[in-house]
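Notes follow once the structure below has been shown.
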There are 2 protein chains.
Amino acid sequence: MYVTRPNEQIENFLLPLRARPVQQHHLHHICAGKHLFHEGQTARNIYEVVKGVLRLTRVMADGRRQVIAFGYPGDVVGFHSDDEYHTDCDALLSTTVIVHSRSALESPAGNSALHTKLLQAALHEISAMQDHFLMLGRKSAAERVASFLLTLQERVGMPLGQFTQFDLPMSRSDIADFLGMTTETVCRTLTRLRKLNIIALDRVHTVVILKPEALIKEAEGRD
Amino acid sequence: MYVTRPNEQIENFLLPLRARPVQQHHLHHICAGKHLFHEGQTARNIYEVVKGVLRLTRVMADGRRQVIAFGYPGDVVGFHSDDEYHTDCDALLSTTVIVHSRSALESPAGNSALHTKLLQAALHEISAMQDHFLMLGRKSAAERVASFLLTLQERVGMPLGQFTQFDLPMSRSDIADFLGMTTETVCRTLTRLRKLNIIALDRVHTVVILKPEALIKEAEGRD
DNA sequence: CGCGTCTTTGAGAAACATCAACAGCGGTGG
DNA sequence: CCACCGCTGTTGATGTTTCTCAAAGACGCG
């Protein structure tokens with residue numbers, strides 16, 4: 001958190017085990033449930049998730065909510081075209097981010113490699129959002145939930161015996177608002193997948209994928 | 001194309017009729033119905049629409065289609081994070097685009113102003129897509145159609161007496177695939193707006209907005 | 001003028017939302 | 001340690017929106 005190091009030479013001498021002096025990053029920590037930024041707030045930075053999970057949301061005047069994305073480690077959040085953030089961003093878990101000044105994206109001066117990396121992140125974001133358009137516009141409830149689980153499996157799945165397991169740090173209504181449906185439909189769909197022995201649920205927030213191929217079939221709407 | 005001008009004074013003298021020496025562009029023309037690029041095709045360029053309208057689409061294995069966006073003059077299309085385009089792109093009307101090498105976005109070397117402009121276009125694209133998420137995930141059919149008409153009015157509306165008029169260069173099924181609904185529902189919704197005297201339709205593809213405030217109410221779901 | 005394509009309208013079906021009640025779980029205080 | 005409380009999640013019954021299927025009408029093009 002914004003520690004300035006008066007003399008890197010000395011620090012490197014004092015910490016010889018750190019083979020290569022890593023670039024100085026502004027790290028920031030967000031406790032679970034706390035906000036990183038709000039919609040409409042003046043945007044000064046973009047953030048790279050290192051640990052934890054962020055939730056990006058947008059709400060309509062009447063309270064309807066859309067979860068734009070979940071920010072997992074490696075994701076960059078906070079892109080903005082004018083001077084304001086366009087979403088709320090809060091932490092589902094205790095989360096650490098690298099703080100990049102918006103100028104790091106806007107201009108390569110200072111750090112060309114970082115500029116390129118952030119630009120690539122933005123372009124990747126565009127293509128991920130295009131995928132999500134198909135999800136929201138054209139897929140059935142069952143396909144959406146199955147696709148969602150497959151994405152998480154790919155992203156954060158851990159081996160558990162012959163199966164894959166991962167946590168759902170978000171609530172059912174977060175999932176619903178991400179997939180454009182209701183919590184009840186998310187539940188029913190998960191229950192159905194559980195009864196088909198395609199997945200198992202452990203204490204509500206842990207998923208075990210039992211039959212990946214069957215889940216892929218569900219995601220593609222094949223029967 | 002990165003033309004260096006050895007002496008602007010002289011060029012202005014030699015070409016007195018061209019008030020301000022415009023930057024040299026690669027222009028490309030696409031006839032209505034023709035493709036600019038296909039999904040999966042190797043991506044070498046990004047394109048800035050000058051005239052006409054492009055359609056960006058993505059299709060699922062079983063044929064379900066999502067229109068990702070319509071590219072109007074000023075829009076930039078063809079952003080890609082790896083080496084392939086992620087959508088199909090074809091022209092609804094005879095269309096002219098400026099061809100920018102992907103390196104113009106990826107590196108500021110050669111033309112820093114262009115680099116910045118393309119980057120801003122990418123960032124603007126992200127925020128526009130976030131809006132569309134709310135549309136696809138949370139809005140009713142009536143709200144989607146009304147929002148769509150309002151966006152076009154803003155973008156390409158022409159005064160017609162005290163009203164505003166514009167063309168719909170796309171088919172009803174293009175609109176449906178953009179808004180995540182069926183052509184029939186698009187039709188019924190337009191008919192309803194027409195019967196409420198909120199809009200008028202002239203020969204199917206021309207819209208006149210009669211009551212903008214009422215259309216805004218429709219778009220926000222107020223009654 | 002005829003033909004094909006796109007649009008519109010209607011009737012019925014399906015998917016999903018809504019409303020309501022209950023269950024599970026964790027936390028707190030007695 | 002247990003009982004209670006509140007929140008989240010689950011399940012069921014019903015309602016509504018939208019989709020699907022079908023047919024007729026409009027428009028453009030040759």
Side-chain angles (χ1 to χ4, degrees), chain A residues 32-33 55 60 62-67 92-93 135-149 167-196 199-207 218 221 223, chain B residues 31-33 55 60 62-67 92-94 135-149 167-196 199-207 218 221 223:
Chain A
R55 175 180 64 181
M60 293 174 59
D62 62 3
R64 278 178 286 178
R65 189 179 73 140
Q66 178 71 33
V67 171
L92 293 175
L93 303 173
M135 187 98 131
L136 294 176
R138 286 289 169 240
K139 290 194 187 178
S140 70
E143 291 167 348
R144 293 181 204 200
V145 171
S147 301
F148 178 67
L149 293 178
D167 257 37
L168 295 176
M170 66 293 285
S171 70
R172 296 293 190 264
S173 75
D174 285 333
I175 299 174
D177 288 344
F178 181 60
L179 300 179
M181 41 204 266
T182 59
T183 54
E184 292 93 330
T185 304
V186 172
C187 274
R188 280 186 247 271
T189 307
L190 287 173
T191 300
R192 185 175 144 269
L193 292 175
R194 188 165 47 71
K195 288 188 174 160
L196 290 170
I199 64 169
L201 293 173
D202 182 21
R203 263 181 275 98
V204 179
H205 287 289
T206 302
V207 180
E218 289 285 332
D223 288 305
Chain B
C31 295
R55 174 179 65 181
M60 292 173 58
D62 61 5
R64 278 177 286 179
R65 189 180 71 139
Q66 178 70 33
V67 172
L92 294 175
L93 303 173
S94 176
M135 188 99 131
L136 293 175
R138 286 290 171 239
K139 290 194 186 179
S140 71
E143 292 167 348
R144 291 181 206 201
V145 172
S147 301
F148 178 66
L149 294 178
D167 256 36
L168 294 177
M170 66 293 285
S171 71
R172 295 291 189 263
S173 76
D174 285 334
I175 299 174
D177 288 344
F178 182 59
L179 299 179
M181 42 206 264
T182 59
T183 55
E184 292 93 329
T185 304
V186 171
C187 275
R188 282 186 247 271
T189 307
L190 287 173
T191 300
R192 184 174 145 270
L193 291 176
R194 188 164 48 69
K195 289 189 174 161
L196 289 170
I199 64 170
L201 292 173
D202 182 21
R203 263 179 279 100
V204 179
H205 287 289
T206 302
V207 180
E218 290 284 333
D223 289 304

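A, B, ... follow the sequence lines: proteins, then strands. Residue 1 opens every chain. Note that these values count all heavy atoms, side chains included, but never hydrogens, waters or copies made by symmetry.
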Without swapping roles, check the side chain of [X] against the backbone of [Y] for a donor-acceptor pair under 3.5 Å.
X: A:Gln66; Y: A:Asp177; value: yes
X: A:Arg144; Y: A:Leu136; value: yes
X: B:Ser173; Y: B:Ala176; value: no
X: A:Asp62; Y: A:Arg64; value: yes
X: B:Arg138; Y: A:Arg65; value: yes

Taking protein heavy atoms under 4.0 Å as touching, what does nucleotides 7-21 of chain D look like 5' to 3' if B marks base contact, S marks sugar-phosphate-only contact and - marks none? --SBBBB----SSBB
Got [X] and [Y] here, is their nearest side-chain heavy-atom distance under 4.5 Å?
X: B:Leu168; Y: B:Phe148; answer: yes
X: B:Val145; Y: B:Arg192; answer: no
X: A:Leu201; Y: A:Val207; answer: yes

Hey, where on DNA chain C does chain B first and last touch, going 5' to 3'? Cut-off is any atom under 4.0 Å from a heavy atom.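 Here the contact window of chain B covers C:dT7 to C:dA11.
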What is the bend of the helix from C:dC1-D:dG30 to C:dG30-D:dC1 when you compare the axis at one end with the axis at the other, using five pairs each and rounding to 10°?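 End-to-end axis angle: 40°.
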Supply the atom-to-atom distance A:Thr189 OG1 to A:Arg194 CZ, rounded to the nearest 0.5 angstrom.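 Between A:Thr189 OG1 and A:Arg194 CZ, I get 12.0 Å after rounding to 0.5 Å.
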Rounded to the nearest 0.5 Å, how far does CE of B:Met60 lie from CE of A:Met135?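 Reported value, rounded in 0.5 Å steps: 10.5 Å.
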